[in-house]
Amino acid sequence: MRARVIVVCASAVAALAAGAIAFSQGAFVPQPEEGAGRQEAAESVEVTDRVAPEGDTEPEPEPEPEPEEAAFDAGGPVVTETSASGVSVTAPEGFLATEEFARVDAEIAALRDRGHTVGVSLLDLQTGRALSYNADEQLYPASSAKALYCAMACEANGGSGGMAATMERCLVDSSNEDYEALIKTFRLAPFATWLSEHGAPGAGRNAVDHYYPDISAGELAACWQEIYRFGTSGEAGADELVGYLSRTVVTPIGETLRDECEVWSKAGWFPADENDLASTNDAGVVFSDCGPYVLAVMTDLPADLDGLTPLIDALDAAHDAMCGDVA
């Protein structure tokens with residue numbers, strides 16, 4: 001085959017040379033028959049392709065591997081930053097890029113896009129890592145205020161002061177009648193003072209003459225920090241209060257997380273009325289596998305406790321992500 005290539009090429013060169021000489025002398029150069037010329041050209045191309053020297057065609061470069069995303073390090077340096085949507089976090093650097101944060105952001109946005117007001121405050125009690133959104137806006141607490149009032153009463157009186165059954169119904173069953181009975185006994189002025197002393201001055205001013213004083217998610221979480229302190233202190237009345245808060249009947253936080261860990265919580269809800277007091281809230285202490293944390297979620301959803309569940313579940317996952325490696 002290689003010899004044939006040489007012959008074909010040599011013949012072609014000779015023919016061209018002869019033609020050139022004849023043309024230059026004005027001689028007529030006969031053309032090859034049409035079929036023969038095409039066949040020879042095709043044969044030459046085909047043969048030449050078969051014997052192309054190795055290495056004439058450069059191999060295509062290998063595609064570069066796509067860069068891998070850096071894994072989030074819960075043990076990394078802690079920073080405080082705010083997302084474009086207004087969610088503030090004190091967490092390891094890079095937390096805003098995690099899937100867990102994206103879920104929280106999406107659930108808040110879903111409520112906000114439906115026209116609702118949302119306030120969130122989460123604080124890890126061991127590390128100080130935190131997440132908050134609109135935590136300073138005061139909202140109607142509904143029955144979530146009952147936990148704060150009963151904490152005040154138990155701290156001041158070493159327990160329920162002979163009103164155990166009344167306090168149990170107030171907290172476990174969220175009885176409004178029993179809440180009013182407690183207020184008639186222990187009054188509102190001490191409640192206003194207790195709120196102001198434990199991180200809720202705005203609610204303290206409202207509590208002077210309101211059974212359910214407006215409060216922000218940040219203030220509600222601050223009061224629950226005091227409930228955690230008292231409930232774990234061993235002081236008189238602490239175990240009684242914890243016994244009620246750990247078995248509240250209606251609570252999205254409890255319903256979502258009590259199968260996994262201990263939860264102290266008290267929800268509040270109120271349907272929309274002519275005074276625009278629509279409210280759905282829950283707050284408490286979650287004793288998760290990676291450490292206890294306080295959580296307060298407040299909205300103006302009209303008595304829609306199931307509406308809080310997706311956000312609460314996302315917040316618990318976010319807490320695990322930001323604190324999981326430092327428990």
Within the structure provided, determine whether Asp113 and Leu111 are in side-chain contact (heavy-atom separation under 4.5 Å).
no
Let me see the working for Ile183 and Tyr149 under side chain to side chain contact (heavy atoms under 4.5 Å, CB included), right down to the final yes or no.
CA-CA 8 Å; Ile183 290 175; Tyr149 190 89; 3.7 Å; yes
Minimum-distance pair of heavy atoms, taken over all atoms of Pro92 and Gly76:
CB-O, 4.1 Å
For Pro302 and Ala272, work out which heavy atoms get closest and say how close.
CB-N, 3.7 Å
Sequence-distant partners of Trp264, ring pair (Phe, Tyr, Trp, His ring centres under 6.0 Å), two or more places apart
Phe287
Under 4.5 Å between side-chain heavy atoms, hopping through other hydrophobics if needed: is there a path connecting Val249 to Leu305?
yes
When you look at Ser143 and Asn176, which way does the side chain to side chain contact (heavy atoms under 4.5 Å, CB included) test go after all the steps?
CA-CA 8 Å; Ser143 292; Asn176 292 335; 3.9 Å; yes
Classify the ring geometry of Phe191 against Trp194: parallel below 30°, tilted from 30° to 60°, perpendicular beyond 60°.
parallel
Closest non-hydrogen atom pair, Ala217 against Met298:
N-SD, 3.6 Å
Would you call Leu123 and Trp224 a side-chain contact if the rule is heavy atoms closer than 4.5 Å?
no
Gap between atom CZ of Arg112 and atom CD1 of Ile108 - 0.5 Å precision
7.5 Å
Which value, rounded to the nearest 0.5 Å, describes the distance between Lys266 atom NZ and Asn281 atom CG?
10.0 Å
Rounded to the nearest 0.5 Å, what's the gap from CD1 on Ile227 to OG1 on Thr232? Could you check?
11.5 Å
Sub-3.5 Å donor-acceptor pair from the side chain of Thr98 to the main-chain atoms of Gly94, do we have one?
no
Looking only at heavy atoms, what is the nearest atom pair of Asn206 and Pro213, with distance?
CB-CB, 3.5 Å
Run Met163 and Asp178 through side chain to side chain contact (heavy atoms under 4.5 Å, CB included) and show every step you take.
CA-CA 10 Å; Met163 302 186 70; Asp178 287 289; over 6 Å; no
For Leu131 and Phe95 the tightest heavy-atom approach is CD1-CE2, 4.3 Å
Going from CG on Leu188 to NE2 on His210, what distance comes out if it is rounded to the nearest 0.5 angstrom?
10.0 Å
Hey, could you give me the CG/CD distance between Leu148 and Glu219, rounded to the nearest 0.5 Å?
10.5 Å
Contacts of Arg247 that satisfy salt bridge (Lys or Arg N to Asp or Glu O under 4.0 Å) - sequence neighbours left out:
Glu168
Determine, stepwise, if the pair Tyr293 / Asp316 fulfils side-chain hydrogen bond (donor to acceptor under 3.5 Å, both in side chains).
CA-CA 9 Å; Tyr293 66 93; Asp316 181 65; 2.6 Å; yes
Residues Arg129 and Asp124 bridged, charged N to O under 4.0 Å
no
Salt bridge (Lys or Arg N to Asp or Glu O under 4.0 Å) between Arg103 and Glu100, worked out:
CA-CA 5 Å; Arg103 280 185 60 199; Glu100 289 80 4; over 6 Å; no
Tell me, with the steps shown, if Thr309 and Glu255 meet side-chain hydrogen bond (donor to acceptor under 3.5 Å, both in side chains).
CA-CA 9 Å; Thr309 301; Glu255 290 168 4; 5.6 Å; no
Assess the residue pair Ser88 and Glu81 against the criterion (side chain to side chain contact (heavy atoms under 4.5 Å, CB included)); give the C-alpha distance rounded to whole Å, side-chain angles, the decisive distance to 0.1 Å, and a yes or no.
CA-CA 6 Å; Ser88 296; Glu81 51 189 344; over 6 Å; no
Closest contact, heavy atoms only, Ala207 versus Leu195
CB-CD1, 3.6 Å
Are any non-hydrogen side-chain atoms of Ser265 and Val286 less than 4.5 angstrom apart?
no
Do Asn157 and Phe186 have side chains that approach each other closer than 4.5 Å (heavy atoms only, starting at C-beta)?
yes
Does any part of the side chain of Ser279, heavy atoms only, come nearer than 4.5 Å to the side chain of Trp269, both counted from C-beta?
no
Should Asp313 and Thr256 be marked as a side-chain hydrogen bond (donor to acceptor under 3.5 Å, both in side chains) after you check the CA-CA gap, both sets of side-chain angles, and the distance that decides it?
CA-CA 7 Å; Asp313 187 58; Thr256 303; over 6 Å; no
Supply the atom-to-atom distance Ile312 CD1 to Asp282 CG, rounded to the nearest 0.5 angstrom.
5.0 Å
Find out whether Leu182 and Cys150 are in side-chain contact, i.e. whether some heavy atom of one side chain is under 4.5 Å from a heavy atom of the other.
yes
Can you find a heavy atom in the side chain of Tyr212 that is under 4.5 Å from one in the side chain of Leu277?
no
Is there a side-chain contact between Asn134 and Val120 in this structure, where contact means two heavy atoms from C-beta onward sitting under 4.5 Å apart?
no
